[in-house]
Amino acid sequence: MNTILFFHIIVALLSLVSTALLYVRPSVKKMRVSEILVALTVASGTYLILGMNGQILGTCLMGLAYIAVTLFGIVAARKKMLAAEVR
C-alpha cells in the first residue's frame, strides 16, 4: 500500500507541474500528458480510498480540490490554444 501511496503522490505532483507548463506553453502533446497524469492520479486515489478505511471525506475534498485546479489549468490552456489558432 505504501508503494501505491508514493506513486499517487509523485503522479499528482507531476500532473500539477505538467498542467502549469501546459498553461505557460500550450501544446497538444502536453495536453495529453496532463490528461493522462490526472487520470492516473484519480485511478490511484480511488484505489487508495477503497483499500484504506480512513478519512474518506477529507480525502475526497482534497481530491476535488486537486481536480478543480488541474482541470482549470487544462481548460485554460485549451482556450489559449484555440485563441492562437484563430489568429
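All of these numbers come straight from a predicted model, not from anything done at the bench.
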**Q** Are Val38 and Val33 joined in one hydrophobic group, where the rule is that I, L, V, M, F, W and Y side chains link up if heavy atoms are under 4.5 Å apart?
**A** no
**Q** For Leu40 and Val11, which heavy atoms make the closest approach, and how far apart are they?
**A** CB-CG1, 3.8 Å
**Q** Ser34 and Ser18: side-chain donor and acceptor closer than 3.5 Å?
**A** yes
**Q** Can I get a per-line list of side-chain donor-acceptor pairs under 3.5 Å for residues 72-83, giving both atom names and the distance, sequence neighbours left out?
**A**
residue, atom, partner, partner atom, Å
Arg78, NH2, Glu35, OE2, 2.8
Lys80, NZ, Tyr23, O, 2.7

**Q** Considering residues at least two apart in sequence or located in another chain, which fulfil the side chain to side chain contact (heavy atoms under 4.5 Å, CB included) criterion with Ile10?
**A** Phe6, Leu14
**Q** Same cluster or not: Leu22 versus Leu16, using hydrophobic residues (I, L, V, M, F, W, Y) connected whenever any side-chain heavy atoms lie under 4.5 Å apart?
**A** yes
**Q** According to side chain to side chain contact (heavy atoms under 4.5 Å, CB included), who are the partners of Leu13, at least two apart in sequence or on a separate chain?
**A** Ile9
**Q** Nearest 0.5 Å, what's the OG1-NE2 distance between Thr46 and His8?
**A** 8.5 Å
**Q** Could you give all pairs that pass the salt bridge (charged side-chain N to carboxylate O under 4.0 Å, His left out) test and reach residues 14-25, with sequence neighbours left out?
**A** none
**Q** Return the set of residues passing side chain to side chain donor-acceptor pair (under 3.5 Å) with Thr41 (not counting sequence neighbours), or none when no residue passes.
**A** Tyr66
**Q** Members other than Leu64 in its cluster, when Ile, Leu, Val, Met, Phe, Trp, Tyr link by side-chain heavy atoms under 4.5 Å?
**A** none
**Q** Please enumerate all residues that pass side chain to side chain contact (heavy atoms under 4.5 Å, CB included) together with Ile67, with sequence neighbours excluded.
**A** Val42, Leu71
**Q** Measuring from atom OG of Ser15 to atom CD1 of Ile36, what distance do you get when rounded to the nearest 0.5 angstrom?
**A** 12.0 Å
